[in-house]
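Each remark here refers to the structure printed beneath this line.
Below, chain A is the first sequence line, B the second, and so on; all start at residue 1. Values in this document were obtained by computation on a predicted structure and should not be read as measured data.
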Amino acid sequence: MITEEYNFTQIEQQIQKYWDDYQVFKVAENLSQEKFYCLSMFPYPSGNLHMGHVRNYTIGDTIARYQRMLGKNVLQPMGWDAFGLPAENAAIEKGVQPAEWTYKNINYMRKQFKRLGFAYDWKRELATCDPKYYHWEQWLFTKMFAKGLAYKKNAMVNWDPVDKTVLANEQVIDGRGWRSGALVERREIPQWFLKITNYADELLADLEQLPEWPEQVKTMQKNWIGRSEGVLIKFAVKGRNDVLDVFTTRVDTLLGCTYLAIAPEHPLVQVILKNSTNAKKINEFVNQCKQVQVAEEKIATQEKIGMATGLEVIHPLTGKTLPIWIANFVLLEYGTGAVMSVPAHDTRDHQFAKKYQLPIQPVIKPKDNSDWNYAEQAFIDYGVLINSGEFNDLTSEQALETIGKALTKQAKGLVKTHYRLRDWGISRQRYWGAPIPIINCPVCGPVAVPERDLPVVLPEDIEINPNNGSPLKADASFYRTNCPNCREPATRETDTFDTFMESSWYYARFACVNQNKEMLDDRAKYWTPVDFYIGGVEHAILHLLYARFIHKVMRDEGLLNDDEPFLRLLTQGMVLKNGAKMSKSKKNTVDPKALINKYGADTVRLFIMFAAPPEQSLEWSDTGVDGCFRFLKRLWQCAHEQQTVIQAINITNKKSTEIAENWDQASAQLKNLRRQVHVILKQARYDYERHQFNTVVSGCMKLTNLITKEFPELKPSQVTEENNLRQSWLTETMGILLRLLAPIAPHITHFLWRELEYSDHILQAKWPKVNAEALKTETVEMAVQINGKLRGTIISAVDSDEKSIQTLITADAKFKK
RNA sequence: GCGAAAGUGGCGGAAUUGGUAGACGCGCUGGAUUUAGGUUCCAGUGGGAAAUCCCGUGAGAGUUCGAGUCUCUCCUUUCGCACCA
């Protein structure tokens, strides 16, 4: 019975209970049906659901439910990215165990998800902090270690000299530690790395296999990998049996090199400090350079400073000596940690040269022979070589090849492909993460924990003291062990994995969460690749690149078949209020829970899908939510009246979504109404396919407006053929409307569908088909433009197209003088 | 600094291929119902004119019979920059 009042709380609870009791979203592999794996990026269980989550998961759920209506075997799972920094902070602030805090949050957030009515297969839920999950991550790491894909080397971290801890970039505020307020410095410590650079070429090339990814995401990944062709030049250090390697993509400017710049951490600096008479000053300078946090943005925007070392190199072609400078903008981790500086043809080098009065030597002139003031500005484009001896008059393009060859011939350089992409540092000096399964033996060195001893379980009952280093070191039962090789006493690695490790393979694990004997089984081969992946655009580079990399590693282990993990990608925009990102500090947050209580899940879902297309940012509007609520109430009212009429006159074909057989006899007005319905239906299908859900909602609103506008006439005062046809139109239209809306507002449509006796469950309903006959029109409206300006419209019968066009041409000719 | 996007009424947005700019919703105005408020319903709503005419898609240029859409320059905003997730 459709009551007069729209009681959303009651119907949503009732329907959610039904979904739960009958496990309608539980799926299994089925080879006779096309599979569709729809995945939204899993959340970090921070404790409260925010609007960004609601948006992300509503988009995912809408796609999953739509695909299900198209007849596909849809998997939509949910889990928790449960390791990470906030749990440790909570532990310090509130004195709770990170594990306890995390699981409590998960339980709370799961309830919120259920209230939003997401069609998840909850049997597949996973949490990454569960040893049953990270067991296999550790296992994969040992495989990578065996293959040489995991290795240890020194790398920079943010070091808080007062708290004596490593800080995340987020914990550095204005160059100072967030707790101590001490100036943060860069420090080198040994860390674990994965050789993602081995896959650089493939990661780049396989972007071609992803036509359904947003172009801008692919471009960002391409630029991040940053493949470039260039020359590695060997500069001999004067007076020492040593060479300084420098990579350049602009070897055509080599003759214009007037100095070399090296990173403050470059090994040569240590040599200089030992031998230089100016060691004290240089040391001071190097320490000054280190007082910058480890973020490319900070390094690139800081004031560029440098100091001459007194050491010189010999130019490989001219034999002239060039000074070596230490410069704070050169990164040790990028390339060779040394650059050749060509002030005349590089903006940054130009500024630096002017600041320290270093010579500016032009070697390229503009191709059009125009004058260039090299003292004023660097000329960075390709041009024609000057002041370059035997290479004069070559174009830059020619010189790149010629000078490269010359250097190779003299063994002073080699042509090389360089990547901006660096190996992935996965060590974190943190407690709340998956332990890196390595045992450090004083005799054998780092040894992987053998398969039989996995997982290395993170002790969960520990004491966290922010000033006392890793709790894992303090826990003797964890820390002390024996070497699996030589049985001698050894210690465990206390670094834990970067949490990006967990999120790099969870999508595959969802296919077989209950598999305890191996990482993945054949079910993962059935469900992967993910057909649709939805998440924040902020993950466009790091997470997606790491996941693509780990996918390829798993493929090479024989665990998966395909080259890429995610076939289609949708990067959703942020949720804003008053033009700013919602955040506690700005006090502009909207609590989803309060909203669901007030309006119900369907209204919240509807607003979020209506307010903006998914890839754009969404501006929150309380009155906009009201509008969506009103719409659902109107829909409810229509259905209520329709049911009343059906019951009053006992129409026989009430259960059918098909139009009446004698529809031909309908009036032109009625046929026109039906045409409008099918135009909207056609557009909705197109909009679902291009994920523009806001216009789908708009279409549903139009259908509701059509029904409400026509309804007074649809109440039959007497049974006539025309009135029966009107009823048939109404039944068909309402059937279409409910199905178009079902993926977005699943509760109300589920309820009304059953109440209006279309069939038992809208979940089993098939997507409505556009009727070609219904789309036909009798007249067509044509715009008349003269010189691009609208000068009138012509309404014409469809059959007389030619005539109208004739009229148009005549009119045009007449007005054109 | 580098990389990637976005700018359309008072607001969120629509316009599928270069072809009638502003669909749909919010807000606002007027009216009906109501003791009143709220709700609901009806009508109107880009700006200027009040003569069916002009102007109008961040700014400026360009291509075209025709540009919100394509090209260039600039401005503003947002995201990412490798230890937040």
### Query
ring pair (Phe, Tyr, Trp, His ring centres under 6.0 Å) between A/Trp192 and A/Phe497: does it pass, once the steps are laid out?
CA-CA 9 Å; A/Trp192 285 95; A/Phe497 282 134; 9.5 Å; no

### Query
Passes ring pair (Phe, Tyr, Trp, His ring centres under 6.0 Å), A/Phe629 versus A/Phe8? Steps please.
CA-CA 10 Å; A/Phe629 186 52; A/Phe8 55 86; 5.8 Å; yes

### Message
Apply ring pair (Phe, Tyr, Trp, His ring centres under 6.0 Å) to residues A/His53 and A/Tyr44 and explain how you reach the verdict.
### Response
CA-CA 10 Å; A/His53 289 129; A/Tyr44 177 79; 9.5 Å; no

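Among the protein residues, A/Glu333 comes within range of no part of the nucleic acid, since none of its heavy atoms lies under 4.0 Å from any strand.
Within the structure, every side-chain polar atom (N or O) of A/Asn694 is placed at least 4.0 Å from both OP1 and OP2 of B/G25. Distances shorter than 4.0 Å separate some side-chain N or O of A/Gln692 from OP1 or OP2 on B/A15. OP1 or OP2 of B/G1 has not a single side-chain nitrogen or oxygen of A/Gln302 nearer than 4.0 Å. Contact annotation: A/Asn705 does not reach the phosphate of B/A23 (side-chain N/O to OP1 or OP2, under 4.0 Å).
Look at B/G9: its glycosidic torsion is within 90° of 0, and that puts it in the syn range.
Aromatic ring pairs are classed by plane angle as parallel below 30°, tilted from 30° to 60° and perpendicular above 60°; the pair A/His691 and A/Phe693 is tilted. Using cut-offs of 30° and 60° on the angle between ring planes, the pair A/Trp432 and A/Phe83 is perpendicular. Under the 30°/60° scheme for interplanar angles, the aromatic rings of A/Tyr533 and A/Phe566 are found to lie parallel.
Going from the P atom of B/C42 to that of B/U8 covers 31 Å, rounded to whole Å. Of the C1' atoms belonging to B/U39 and B/A85, the separation is 44 Å, rounded to the nearest Å. With both ends at atom P, the span from B/A23 to B/C75 equals 34 Å, rounded to whole Å. Across the P atoms, B/G47 and B/C79 are found 33 Å apart, a figure rounded to whole Å. Distance check on atom P: B/G30 versus B/A14 gives 31 Å, rounded to whole Å. Between B/G7 and B/C53, the two C1' atoms lie 30 Å apart (nearest whole Å). Separation of the P atoms belonging to B/U29 and B/G37 is 14 Å when rounded to the nearest angstrom.
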Dump every N/O contact between nucleotides 69-74 of chain B and the protein below 3.5 Å, one line per pair.
none

### Summary
In 5'-to-3' order, the base (B), backbone-only (S) or no-contact (-) status of each nucleotide in nucleotides 41-46 of chain B, using a 4.0 angstrom heavy-atom cut-off, is S-----

### Query
What does nucleotides 80-85 of chain B look like as a protein-contact string, B for base, S for sugar-phosphate only, - for none, at under 4.0 angstrom between heavy atoms?
SBBBSB

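In summary, the side chains of A/Asp498 and A/Tyr546 do not present any donor paired with an acceptor at a separation below 3.5 Å, with no hydrogens or angles considered. No side-chain N or O of A/Thr165 forms a donor-acceptor pair with one of A/Asp160 less than 3.5 Å apart. Inspection of the A/Asn89 and A/Glu93 side chains reveals no N or O donor paired with an N or O acceptor under 3.5 Å. A donor atom on one side chain and an acceptor atom on the other are not found under 3.5 Å apart for A/Tyr103 and A/Trp80.
Nucleotide B/A14 holds its P atom 13 Å from the CE atom of A/Met609, rounded to whole Å.
Across the strands present, B/A14 finds no partner; the criterion is a Watson-Crick or G-U wobble pair with both atom distances under 3.5 angstrom.
Note that the CH2 atom of A/Trp424 and the CG atom of A/Leu542 stand 9.5 Å from one another [nearest 0.5 Å].
The cationic group of A/Lys304 does not satisfy the cation-pi geometry with A/Phe352, failing either the under 6.0 Å distance to the six-membered ring centre or the 45° limit from the ring axis.
In this structure, the nucleotide among B/U16, B/C24, B/G27 sitting nearest to the side chain of A/Tyr686 is B/U16.
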